[in-house]
Amino acid sequence: MGIFSMMKWSLLVVLTAGLVFSPFPAFAQSSNPLSNVQSYKIYYDYPTDVILNQMQAYDAVMIEPVLYTKSQIETIQQSGTLVYGYINTMEADNWNTALIGQLEESDFFHRDGERVYYPEWDSYLTDITSDHYQQVLLAEIEKQITAKGLDGVFLDTVGNIDNEHCGSDVMDDQRAGMAVFLQEIRRQHPSLSLIQNWGFGTLSTTTYPYVDGIMWENFNYSTVSTDQWSQNRIEDLQQLQTETGLEVLTVSFTEKTKSTNYAASKNFKHYHESSHYNAW
């Protein structure tokens, strides 16, 4: 294990009945606000008055909060719709100049002395063990989420921890840093609901005490119904559902009916997107 893990964020992993548990105290809300959510939609573009009104038909929506005002959030919530704001946790987007301009070089993750760049998203891999980076994200949550009255945070790219650092001491460090970050969100904003995107290993070992739900994008029937890795993850998530009350949200991009029905058979909450998240 790396020095960072040993000195500051040491994780003790305990295996109990086949499920991986973390010793951190549970911070997820005792009554999961996602329990009553049946329909949800993801939309990351600017709203119109028509869209704001149509959002009220869903139990929950995930939005890019930078594009919304407090008044617009209140409009969405009029019929009880839960509003979750997107926060990119493990990447810094070049388009978000207000946020990326606050970052120091040590806030980026470096491999072989260079930043890790994702050309598809025009973003850089970040280092969640950085105290300064955590403070920038916490300030963003205060500004874009709590100040505007949103109900929760959609924590994107948590899965980068598993994808980029699998099997290394760095992964232990990044998971521990993520746990500290989530603990601080819970301490500062105990009423906020948190949803994590991907990162199934990180969820099972580290983050499940702090989040109300996890999202599984690309939950497409032909893949997840036949792939052994997917079947193993489904079993893990169902066990977490039973043990902790975690809710599982899935998204498909193909085979709408089959994907939706398959998710329902696993007691997962499903959303099908036929185009992309910037299309209403």
Side-chain angles (χ1 to χ4, degrees), residues 4-5 8-14 19-34 60 62 65 82-92 99 103 107 109 125-147 150-165 170-216 236-237 240-241 243-249:
F4 186 89
S5 295
K8 192 172 182 181
W9 318 104
S10 180
L11 286 172
L12 175 62
V13 176
V14 180
L19 183 63
V20 184
F21 284 94
S22 161
F24 292 123
F27 286 89
Q29 301 182 59
S30 57
S31 178
N32 193 329
L34 292 170
M62 290 76 182
L82 298 175
V83 183
Y84 287 79
Y86 177 100
I87 295 291
N88 200 347
T89 60
M90 293 299 299
E91 294 177 29
L99 185 141
L103 301 187
D107 297 330
F109 186 85
L125 182 65
T126 51
D127 186 349
I128 197 63
T129 69
S130 164
D131 291 338
H132 179 264
Y133 180 55
Q134 290 189 20
Q135 292 306 310
V136 170
L137 290 182
L138 289 166
E140 189 74 358
I141 289 172
E142 176 67 36
K143 178 181 179 182
Q144 301 295 345
I145 307 293
T146 59
L150 278 74
D151 300 284
V153 187
F154 176 65
L155 301 160
D156 196 23
T157 62
V158 176
N160 284 10
I161 295 175
D162 295 13
N163 296 340
E164 292 287 351
H165 309 300
V170 172
M171 183 172 69
D172 294 337
D173 295 344
Q174 296 293 314
R175 285 178 173 176
M178 180 61 70
V180 171
F181 172 57
L182 297 183
Q183 286 177 342
E184 191 60 20
I185 297 176
R186 287 296 189 194
R187 188 188 70 80
Q188 293 186 18
H189 310 291
S191 65
L192 278 183
S193 177
L194 305 181
I195 299 173
Q196 168 182 327
N197 194 19
W198 276 79
F200 303 114
T202 294
L203 177 78
S204 294
T205 62
T206 310
T207 59
Y208 74 87
Y210 315 109
V211 299
D212 298 307
I214 185 167
M215 182 176 289
W216 183 335
D236 292 343
L237 292 174
L240 273 173
Q241 282 182 312
E243 297 288 342
T244 71
L246 179 88
E247 295 288 351
V248 181
L249 288 71

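For reference, positions follow the sequence shown, starting with 1.
- Residues Pro65 and Tyr86 approach most closely at CD-N, 3.3 Å, considering heavy atoms.
- Within the model, atoms CE of Met62 and CG of Leu249 stand 5.0 Å from one another, a figure rounded to the nearest 0.5 Å.
- Side chains of Ile141 and Leu192 form a contact here, defined as non-hydrogen atoms less than 4.5 Å apart.
- Side-chain contact between Leu194 and Val153 is present, with at least one heavy-atom pair separated by less than 4.5 Å.
- For the pair Ala179 and Thr206, the tightest heavy-atom approach, listed with the atom from each and the gap, is CB-CG2, 3.5 Å.
- In this structure, the side chain of Asp212 does not engage the main chain of Asn32 through any donor-acceptor pair within 3.5 Å.
- The shortest non-hydrogen separation linking Ile145 to Gly152 is CG2-O, 3.7 Å.
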Run the numbers on Gln183 and Arg186 for side-chain contact (heavy atoms from CB on, under 4.5 Å), then give the verdict.
-> CA-CA 5 Å; Gln183 286 177 342; Arg186 287 296 189 194; 5.7 Å; no
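- Between Phe200 and Trp216, the ring-plane angle classifies as tilted under the 30° and 60° cut-offs.
- There is no side-chain donor-acceptor pair under 3.5 Å between Glu91 and Thr157.
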Carefully, step by step, assess His165 and Leu125 under the rule side-chain contact (heavy atoms from CB on, under 4.5 Å).
-> CA-CA 11 Å; His165 309 300; Leu125 182 65; 4.1 Å; yes
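- If you take CG on Leu203 and OG1 on Thr244, they are separated by 8.0 Å, rounding to the nearest 0.5 Å.
- The two residues Leu155 and Phe181 make their nearest non-hydrogen contact at CD2-CE2, 4.3 Å.
- In this structure, NE2 on His189 lies 9.0 Å from CZ on Arg187, to the nearest 0.5 angstrom.
- Considering CG of Leu103 and NE2 of His132, their distance stands at 7.0 Å, rounded to 0.5 Å.
- The backbone N or O of Trp198 lies less than 3.5 Å from a partner atom in the side chain of Gln196, making a donor-acceptor pair.
- A side-chain donor-acceptor contact under 3.5 Å links Asp151 to the backbone of Val83.
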Carefully, step by step, assess Met90 and Glu164 under the rule side-chain contact (heavy atoms from CB on, under 4.5 Å).
-> CA-CA 10 Å; Met90 293 299 299; Glu164 292 287 351; over 6 Å; no
Would you sort out whether Ile128 and Phe109 count as a side-chain contact (heavy atoms from CB on, under 4.5 Å), showing the intermediate values?
-> CA-CA 9 Å; Ile128 197 63; Phe109 186 85; over 6 Å; no
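- For the side chain to side chain donor-acceptor pair (under 3.5 Å) with Tyr133, the lone residue among Asp107, Thr89, Thr126 that qualifies is Thr126.
- In this structure, the separation between CG on Leu182 and CD on Gln134 is 9.0 Å, given to the nearest 0.5 Å.
- Note: Leu34 CG to Ile214 CD1 = 12.0 Å, rounded to the nearest 0.5 Å.
- Between Glu140 and Lys143, no side-chain nitrogen of the basic residue sits less than 4.0 Å from a carboxylate oxygen of the acidic one, so the salt-bridge criterion is not met.
- The closest donor-acceptor contact from the side chain of Arg175 to the backbone of Ile161 lies at 3.5 Å or more, if one exists at all.
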